[in-house]
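Notes to accompany the following structure.
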Amino acid sequence: MPVDITILEKNYTINCPVGEEGELYSASQFINSFIQDLQANAPQLPQENLLVLCCLNLYEKMQQAKLQAAANESDIAQANELLEHMIREMQLSD
């Protein structure tokens, strides 16, 4: 389904699966806000450079989120091992 979005005051028609239009609108609003923040800090940058900078920043945020998720998984695995050990110890003491 074609959906019209606007990024940096330029309109784009994007093919979007039915039912995911809201997510696409949210993404475009997030990107616009992110770019506006970049533009406020570097008003002299051309739009193309702002878009590249936006992509690089979002990639970095995505990588940080992946690392944090991996660390969380590791913490959960350690907690599960500790709980299993405690359960075994409690069963042995019965």
Quiz item: Quick one: does Ile7's side chain get under 4.5 Å of Ile5's, heavy atoms only?
Solution: yes
Quiz item: From Met62 CE over to Leu67 CG, what is the distance, rounded to the nearest 0.5 angstrom?
Solution: 11.0 Å
Self-check item: Under 3.5 Å donor-acceptor, Ser93 side chain and Met90 backbone
Solution: yes
Quiz item: How about Gln63: does its CD atom have over 12 heavy atoms from other parts shown lying under 6.0 Å from it?
Solution: yes
Practice problem: Tell me whether Tyr12 is reachable from Phe34 by hopping between hydrophobic residues (I, L, V, M, F, W, Y) whose side-chain heavy atoms are closer than 4.5 Å. | Solution: yes
Quiz item: With distance as the sole test, does Asp4 use its side chain to make a donor-acceptor pair with the main-chain N or O of Asn11 at under 3.5 Å?
Solution: no
Self-check item: Donor-acceptor under 3.5 Å (Glu21 side chain, Gly19 main chain)
Solution: yes
Quiz prompt | Donor-acceptor under 3.5 Å (Asn57 side chain, Leu53 main chain) | solution = yes
Quiz item: Nearest 0.5 Å, what's the CG-CG distance between Asp37 and Leu50?
Solution: 11.0 Å
Quiz item: So among Gln91, His85, Met86, which one has a side chain to side chain contact (heavy atoms under 4.5 Å, CB included) with Glu89?
Solution: His85
Quiz item: From Leu51 CG over to Leu38 CG, what is the distance, rounded to the nearest 0.5 angstrom?
Solution: 9.5 Å
Quiz item: Can a donor-acceptor pair be found between the side chains of Glu84 and Asn80 at a distance below 3.5 Å?
Solution: no
Quiz item: Looking at CG of Asp75 and CD of Gln68, how far apart are the two atoms once the value is rounded to the nearest 0.5 Å?
Solution: 8.0 Å
Quiz item: Which heavy-atom pair separates Leu8 from Gln39 by the least distance, and what is that distance?
Solution: CD2-OE1, 4.4 Å
Quiz item: Taking atom SG of Cys54 and atom CG of Asn32, what is their separation to the nearest 0.5 Å?
Solution: 9.0 Å
Quiz item: So with a 6.0 Å cut-off around OH of Tyr59, is the heavy-atom count from everything else above 12?
Solution: no
Quiz item: Does CD in Gln64 sit with more than 12 non-hydrogen atoms of other residues, nucleotides or ligands closer than 6.0 Å?
Solution: yes
Quiz item: Would you say Ser33's side chain and Gln29's backbone share a donor-acceptor pair under 3.5 angstrom?
Solution: no
Practice problem: Could you tell me which non-hydrogen atom of Cys16 sits nearest to which non-hydrogen atom of Leu24, and how far apart they are? | Solution: CB-CD2, 3.9 Å
Quiz item: Are any of the side-chain heavy atoms of Phe30 and Leu58 separated by less than 4.5 Å?
Solution: yes
Quiz item: Does Thr6 reach the side chain of Ser28, with side-chain heavy atoms less than 4.5 Å apart?
Solution: no
